[in-house]
Amino acid sequence: MRIVLGWLTTPIFLLLLGLILLVFDVVQRIALNVFGYQAHKLSIDLTQRCILGALNITGARFRFENLNPSLPTDRPIIMVSNHQSLFDIPMNILLLRKHHVKFVSKKELGRGIPTISYNLRYGGSVLIDRKKPEEAKAIIAGMGQYIEKYKRTACIYPEGSRARNGQLKPFKVGGLATLLENAPSALVVPVVIENSWKIVRYNFKPIPFGVKCSVTALEAIEPAGWEPEALLQEIAGRISERLGQPLPQSAKP
């Protein structure tokens with residue numbers, strides 16, 4: 001029954017998604033170039049709300065939980081999240097919207113996608129070429145310096161790519177280590193995405209009706225005194241425990 005309903009609602013969602021991306025591509029350009037950063041941020045936050053609101057048509061529901069009731073806004077944050085689908089991005093943005101979430105993304109996303117590409121290029125995020133690790137490291141270092149200076153939030157996905165079946169993939173320490181080195185006052189916040197992979201499990205053919213997703217900011221970690229590898233293992237342990245999954249191989253002692 002969910003699949004049948006999904007075939008009815010998925011085309012409506014995809015039409016709305018296309019309209020949202022086209023409209024806000026114009027809106028955010030005007031916001032940034034005429035009114036500046038804050039207006040641009042508001043337009044991006046509104047875009048994410050509209051995207052998730054459009055998904056509600058497919059019966060999808062989203063729960064947001066922050067176990068840090070008083071995260072500081074006067075220091076940078078490194079958000080370390082598992083990654084299940086492209087809809088993790090609006091969920092991450094809205095979860096810590098007061099903290100100006102930026103992303104480390106692959107360079108391919110920097111062109112050709114209305115709204116998303118422009119925001120990645122000009123909204124404070126960075127684009128890296130995975131085939132050029134040294135260049136990528138330098139770019140991520142620059143992002144660390146950016147969040148340190150402006151007290152923003154860098155969101156990284158240490159799995160590197162989406163876990164399309166919802167099972168955690170091995171975590172890689174490089175991005176976290178580089179950010180910590182260049183944003184020494186940052187607070188680290190592990191984030192758990194649950195069930196967003198189910199939205200795209202059939203590659204939109206269709207979106208199963210009634211998927212329930214959640215995003216949770218776990219208790220923050222003061223990174224002082226931690227080696228990056230040990231810190232990543234701690235983060236992976238917390239995320240895997242929340243998901244009820246075993247630790248990914250690379251995060252085991």
Visitor: Please report the interatomic distance CG(N68) to CD(E219), rounded to the nearest 0.5 Å.
Guide: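 Taking CG in N68 and CD in E219, the distance rounds to 7.0 Å.
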Visitor: Give a yes or no on this: more than 12 heavy atoms of other residues, nucleotides or ligands lie within 6.0 Å of atom CZ of R111.
Guide: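 No, not enclosed.
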Visitor: Would you call D45 and R49 a salt bridge, taking side-chain N to carboxylate O under 4.0 Å as the test?
Guide: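 No, this pair does not count.
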Visitor: Using modelled atom types only, decide if a donor and an acceptor are shared between the side chain of E234 and the backbone of A230 within a distance under 3.5 Å.
Guide: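 Checked: no pair found.
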Visitor: Can you tell me if R130 uses its side chain to pair, donor with acceptor, with the backbone of G160 under 3.5 Å?
Guide: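 Looks like yes, one N/O pair under 3.5 Å.
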Visitor: Are L231 and L71 linked, directly or through intermediate hydrophobic residues, by side-chain heavy-atom contacts shorter than 4.5 Å (ILVMFWY only)?
Guide: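 As far as the 4.5 Å side-chain criterion goes, L231 and L71 are not connected within one cluster.
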Visitor: Just checking, any donor-acceptor pair under 3.5 angstrom between side chains of K169 and S161?
Guide: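 There is such a pair (donor and acceptor under 3.5 Å, judged by atom type) between the side chains of K169 and S161.
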Visitor: Please determine whether residues L86 and M79 belong to a single hydrophobic cluster, defined as Ile, Leu, Val, Met, Phe, Trp and Tyr linked transitively by side-chain heavy-atom distances below 4.5 Å.
Guide: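 Linked, L86 and M79 end up in one cluster.
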Visitor: Salt-bridged, K131 to E108, with N to O below 4.0 Å?
Guide: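 Looking at E108 together with K131, the answer is no, because their closest N to O distance does not fall below 4.0 Å.
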Visitor: Starting from V188, can I reach W226 by hopping between I/L/V/M/F/W/Y residues whose side chains sit under 4.5 Å apart?
Guide: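 Yes.
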Visitor: Give a yes or no on this: more than 12 heavy atoms of other residues, nucleotides or ligands lie within 6.0 Å of atom CD of Q245.
Guide: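 Counting other residues, nucleotides and ligands, CD of Q245 exceeds 12 neighbours.
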Visitor: Are the side chain of S240 and the backbone of G237 linked by a donor-acceptor contact shorter than 3.5 Å?
Guide: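 It does hold such a pair.
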Visitor: Aromatic rings F13 and F204: how do their planes relate, parallel, tilted or perpendicular, breaks at 30° and 60°?
Guide: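 Aromatic pair F13/F204 classed parallel.
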Visitor: Please find the pair of heavy atoms, one from L180 and one from P223, that lie closest to each other, and give the distance.
Guide: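 In this case the closest contact between L180 and P223 is CD2-CB, 3.8 Å.
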Visitor: Counting N and O atoms only, with roles assigned by atom type, does the side chain of Q28 sit under 3.5 Å from a partner on the main chain of S43, one being a donor and the other an acceptor?
Guide: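 Such a contact is absent between Q28 side chain and S43 backbone.
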Visitor: Please indicate whether K151 has more than 12 foreign heavy atoms, meaning atoms of other residues, nucleotides or ligands, lying under 6.0 Å from its NZ.
Guide: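 It does: K151 NZ has more than 12 such atoms within range.
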Visitor: Using only atom types and a distance under 3.5 Å, with no angle test, would you say the side chain of S125 pairs donor to acceptor with the backbone of F103?
Guide: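 Yes.
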Visitor: When hydrophobic residues are tied together by side-chain contacts of less than 4.5 Å, even through go-betweens, does I235 share a cluster with I193?
Guide: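 No, I235 and I193 fall in different hydrophobic clusters.
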Visitor: Can you tell me how far apart CG (L179) and CD1 (I77) are? Round to the nearest 0.5 Å.
Guide: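 So the CG of L179 and the CD1 of I77 are separated by 13.0 Å.
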Visitor: Mark yes or no for whether T178, through its side chain, and A141, through its backbone, hold a donor-acceptor pair below 3.5 Å.
Guide: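 Judged by distance alone, no pair lies under 3.5 Å.
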Visitor: State the CG-CZ distance between N195 and R201, to the nearest 0.5 angstrom.
Guide: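 The CZ atom of R201 is 9.5 Å from CG of N195, to the nearest 0.5 Å.
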Visitor: Would a single hydrophobic cluster contain both F24 and L14, if residues Ile, Leu, Val, Met, Phe, Trp and Tyr are joined by side-chain heavy-atom contacts under 4.5 Å?
Guide: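 Linked within one cluster.
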Visitor: If you take all heavy atoms of R75 and A186, which pair is closest and at what distance?
Guide: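 For R75 versus A186, the nearest heavy atoms are NH2-O, 3.6 Å.
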Visitor: If I take atom CG from residue L8 and atom CD1 from residue I57, how far apart are they, to the nearest 0.5 angstrom?
Guide: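 Here the interatomic distance stands at 12.5 Å.
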Visitor: If I take atom CG from residue L32 and atom CG from residue N119, how far apart are they, to the nearest 0.5 angstrom?
Guide: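 Spacing of CG (L32) from CG (N119) equals 9.0 Å.
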Visitor: Could you please spell out the steps behind the side-chain contact (heavy atoms from CB on, under 4.5 Å) verdict for V211 and L55?
Guide: CA-CA 10 Å; V211 175; L55 269 169; over 6 Å; no
Visitor: Counting N and O atoms only, with roles assigned by atom type, does the side chain of K102 sit under 3.5 Å from a partner on the main chain of G123, one being a donor and the other an acceptor?
Guide: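 Indeed, once roles are kept as given, a pair shorter than 3.5 Å links the two residues.
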Visitor: For the residue pair Y157 and H83, does the interplanar ring angle fall in the parallel (under 30°), tilted (30 to 60°) or perpendicular (over 60°) class?
Guide: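 Correct class here is parallel.
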Visitor: To the nearest 0.5 Å, what is the distance between CD (Q48) and CD1 (I93)?
Guide: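 Reported value, rounded in 0.5 Å steps: 4.0 Å.
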Visitor: Which heavy atom in L94 sits nearest to a heavy atom in L52, and how many Å separate them?
Guide: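 Between these two residues, the closest heavy atoms are CD1-CD1, 3.8 Å.
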Visitor: Can you see which heavy atom on T115 is nearest to which on L21, and at what distance?
Guide: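 That would be OG1-O, 2.6 Å.
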Visitor: Give the minimum heavy-atom separation between N82 and D88, together with the two atoms involved.
Guide: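 So the two residues come closest at O-OD2, 4.1 Å.
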Visitor: Would you sort out whether V173 and Q233 count as a side-chain contact (heavy atoms from CB on, under 4.5 Å), showing the intermediate values?
Guide: CA-CA 9 Å; V173 74; Q233 180 178 311; over 6 Å; no
Visitor: In terms of heavy-atom contacts, does CD of E229 have more than 12 from other residues, nucleotides or ligands at under 6.0 Å?
Guide: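 Yes.
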Visitor: Measure across V101 and C155 and return the closest heavy-atom pair with its distance rounded to 0.1 Å.
Guide: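 Distance-wise, the nearest heavy atoms are CG1-CB, 3.8 Å.
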Visitor: Report yes or no: does K41 contribute a side-chain atom to a donor-acceptor pair with the main-chain N or O of R97 at less than 3.5 Å?
Guide: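 At least one qualifying donor-acceptor pair exists.
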Visitor: I'd like to know if R242 and E65 make a salt bridge, using a cut-off of under 4.0 Å between side-chain N and carboxylate O.
Guide: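 Answer for the salt bridge query: yes.
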Visitor: Mark yes or no for whether T58, through its side chain, and F209, through its backbone, hold a donor-acceptor pair below 3.5 Å.
Guide: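 Judged by distance alone, no pair lies under 3.5 Å.
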Visitor: Can you find a heavy atom in the side chain of I207 that is under 4.5 Å from one in the side chain of T9?
Guide: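 Of all side-chain heavy-atom pairs linking T9 with I207, none is under 4.5 Å.
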Visitor: Are the side chains of L16 and I12 in contact, using a 4.5 Å heavy-atom criterion?
Guide: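 They are in side-chain contact.
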Visitor: Are any non-hydrogen side-chain atoms of V200 and R164 less than 4.5 angstrom apart?
Guide: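 The answer is no; the side chains never approach within 4.5 Å.
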Visitor: Answer whether the closest heavy-atom distance between the side chains of I139 and M143 falls below 4.5 Å.
Guide: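 No. Closest side-chain heavy atoms not under 4.5 Å.
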Visitor: Only one of Y37, Y146, Y150 clears ring-ring contact (aromatic ring centres under 6.0 Å, His included) with H100; which?
Guide: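 By the ring-ring contact (aromatic ring centres under 6.0 Å, His included) criterion, H100 pairs with just one of Y37, Y146, Y150: Y37.
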Visitor: Does K205 reach the side chain of W7, with side-chain heavy atoms less than 4.5 Å apart?
Guide: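 Yes, their side chains come closer than 4.5 Å.
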Visitor: Answer yes or no: is there a side-chain heavy-atom contact under 4.5 Å between K172 and L232?
Guide: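 A side-chain contact is absent here, since even the closest heavy-atom pair is not under 4.5 Å.
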Visitor: Looking at side-chain heavy atoms only, is the closest gap between I3 and Y202 below 4.5 Å?
Guide: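 Yes - at least one pair of side-chain heavy atoms lies under 4.5 Å apart.
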Visitor: May I ask you to decide whether K107 forms a salt bridge with D129, counting only side-chain N to carboxylate O separations under 4.0 Å?
Guide: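 The answer is yes: the pair qualifies as a salt bridge.
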Visitor: Ignoring hydrogens and angles, tell me if any N or O in the side chain of T153 forms a donor-acceptor pair with the backbone of H99 under 3.5 Å.
Guide: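 A pair under 3.5 Å: yes.
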Visitor: Are any non-hydrogen side-chain atoms of L176 and P158 less than 4.5 angstrom apart?
Guide: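 Side-chain contact under 4.5 Å: no.
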